[in-house]
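Below is one structure; the comments refer to it alone.
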Number of protein chains: 2
Amino acid sequence: MPATPGVPAATVGRLVTYLRLLTAMEERGVRTTSSDELAGRSHVSAFQVRKDLAYFGRFGTRGAGYTVATLRRELRRILGLTRPWNVAIMGMGRLGQALADYPNFDEYDFRLVAAFDADPAKAGLPAGGLFVEGLEVLPARATELTIDLAFLTVPGPAAQAAADALVAAGIRGILNFAPAVLEVPPHVHVEPVDLMAGLKRLSYHVVARAEDDAA
Amino acid sequence: MPATPGVPAATVGRLVTYLRLLTAMEERGVRTTSSDELAGRSHVSAFQVRKDLAYFGRFGTRGAGYTVATLRRELRRILGLTRPWNVAIMGMGRLGQALADYPNFDEYDFRLVAAFDADPAKAGLPAGGLFVEGLEVLPARATELTIDLAFLTVPGPAAQAAADALVAAGIRGILNFAPAVLEVPPHVHVEPVDLMAGLKRLSYHVVARAEDDAA
DNA sequence: TATTGTGAACCGGTTCACAGCG
DNA sequence: CGCTGTGAACCGGTTCACAATA
């Protein structure tokens with residue numbers, strides 16, 4: 001079993017893209033593909049595709065390319081998507097509610113198993129087939145349900161305290177929607193998904209390109 | 001006026017973080033700060049902070065640090081956040097609806113000015129103070145309202161066609177929530193914000209760390 | 001003295017050329 | 001012959017040491 005040391009974070013992001021393409025190909029009944037085709041649809045070079053895959057093994061046939069079903073299965077395994085993941089939502093504001101109702105979690109066995117909010121007034125409210133629970137039951141529920149991951153959807157100023165509670169409860173990965181840089185121990189991974197930050201990066205790039213055009 | 005050539009994308013992302021910290025400091029009444037303090041709160045090195053800023057000019061005082069208000073103003077200018085941005089939502093499913101109701105757009109003058117959906121049945125429905133409109137009026141409304149940016153919140157298979165329509169209507173930046181790599185002309189910038197992709201990256205990293213711990 | 005600003009060294013990820021192999 | 005797999009070159013971003021200066 002490869003220990004996969006030193007894989008660039010950018011490679012992991014591209015693997016997710018390749019997997020999406022392979023899934024679409026399989027649905028369309030496509031049997032085989034090539035680094036060239038994956039590259040074209042991902043907007044990267046074929047070198048890059050092959051190098052990304054080479055971090056984890058050899059999955060193709062020289063002269064022939066890749067079998068869609070095989071490569072897809074391997075990428076699922078590499079990305080950890082062959083096992084179920086129990087996910088909780090922390091913070092049931094608008095965004096938390098929207099995520100609770102999001103229909104696509106069951107894709108690859110992500111299971112929404114709990115929803116928490118610090119506000120006692122929200123306890124008991126329905127949320128995507130579940131009921132909102134108070135923070136005080138998080139530790140017990142995390143153990144009972146074996147919660148693996150959490151969506152952090154609390155306001156920025158509350159984010160660090162909420163993250164601390166999740167870490168104390170044994171969560172190992174946080175998808176962070178809050179506008180904050182979280183402090184977590186090394187065994188916990190944080191993946192930022194910051195809407196307003198994305199909007200501000202967009203603002204910069206649009207202005208920069210307009211200036212390029214002018215020049 | 002600096003043409004700001006060759007600024008790394010990662011730098012732009014960090015500038016957004018610095019700006020957020022400076023805004024919080026200003027609200028707390030803090031007058032001055034240092035590259036060291038910004039670095040600590042952003043989880044980067046002080047070298048990195050100074051290098052990031054150096055792409056755009058010299059904003060500090062040697063021996064004393066940075067004036068919070070001044071640096072904040074400069075970062076807003078650099079990021080293009082001193083002018084208003086007119087934003088439209090394309091795709092009024094659950095996510096589009098949630099975004100329309102999102103309360104924080106007015107921060108830095110992002111103005112939600114229109115909401116579109118390809119489904120005629122959705123036309124006229126309320127959406128965050130607006131009413132959903134059909135795709136056929138997009139070109140006219142884009143000109144009339146001078147729409148700058150768009151949130152793309154349609155299903156993956158519909159994303160490219162929707163992006164094409166936005167580009168044809170003159171939009172210059174797309175915040176892409178759809179699981180798809182978009183094909184756009186060079187004067188249009190796409191910033192991906194892919195929820196499920198973030199979740200899959202998280203899956204990989206959590207598995208990888210568990211293996212590290214085992215080893 | 002304290003902290004910024006920056007040219008140079010360093011390093012890691014991307015690119016490449018080509019070897020390996022169906 | 002075609003396409004994958006990979007060691008080596010390259011390049012861009014990060015790190016660093018130190019010069020500049022309030």
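Nothing here was measured: the structure is a model prediction, and the numbers come from that model. Quick note on labels: first sequence line is chain A, next is B, and so on, each numbered from 1.
- If you measure from atom CD of A:Gln48 to atom P of C:dT15, you get 5 Å, rounded to the nearest angstrom.
- Between B:Ala64 and A:Asp36, the one whose closest nucleotide on DNA chain D sits nearer the 5' end is A:Asp36.
- Under 4.0 angstrom from either OP1 or OP2 of D:dC3 there lies no side-chain N or O belonging to A:Ser35.
- Across the protein-nucleic acid pair, B:Arg50 atom CZ and D:dT14 atom C1' stand 13 Å apart, rounded to whole Å.
- The ring of A:Phe105 has its center closer than 6.0 angstrom to the ring center of A:Phe151.
- Among the nucleotides D:dG13, C:dT14, D:dT15, the one closest to any side-chain atom of B:Ser45 is D:dT15.
- In this structure, CG of A:Leu53 is placed 16 Å from P of D:dC3, rounded to the nearest angstrom.
- Going from atom CD of B:Glu74 over to atom C1' of C:dT4 covers 16 Å, rounded to whole Å.
- More than 12 heavy atoms of other residues, nucleotides or ligands shown are found within 6.0 angstrom of CZ on B:Arg83.
- The base of D:dT4 lies close enough to the side chain of A:Arg62 for a donor and an acceptor atom to sit less than 3.5 Å apart.
- A salt bridge does not link A:Glu107 to A:Arg20: none of the charged nitrogens lies less than 4.0 Å from a carboxylate oxygen.
- More than 12 heavy atoms of other shown residues, nucleotides or ligands fall within 6.0 angstrom of atom CZ in B:Arg28.
- At whole-Å resolution of the value, CZ in A:Phe59 and P in D:dT6 are 10 Å apart.
- Here D:dT4 presents its P atom at 12 Å from OH of A:Tyr18, a figure rounded to the nearest Å.
- Rounded to a whole Å, the NZ atom of A:Lys51 is 14 Å from the P atom of C:dA17.
- Contact annotation for B:Ala10: backbone-only contact, meaning every heavy-atom pair under 4.0 Å involves sugar-phosphate atoms and none involves a base.
- Listed here is the closest heavy atom pair of B:Ser203 and A:Phe110: CB-CZ, 4.3 Å.
- Closest to the side chain of B:Tyr55, from the set C:dT14, D:dT14, D:dT4, is D:dT14.
- For the pair A:Thr61 and D:dT4, the criterion of a side-chain N or O lying under 4.0 Å from OP1 or OP2 is not met.
- Within the 4.0 Å cut-off from OP1 or OP2 of C:dA2, not a single side-chain nitrogen or oxygen of B:Tyr66 is found.
- Taking 3.5 Å as the limit, the base of D:dG5 and the side chain of A:Arg58 contain no donor-acceptor pair of atoms between them.
- Here the nucleotide nearest the side chain of A:Phe47, chosen from C:dG13, D:dT14, C:dT15, is C:dT15.
- Of the two residues contacting DNA chain C, namely A:Asp52 and B:Gly60, the nearest-nucleotide position lying further toward the 5' end is that of B:Gly60.
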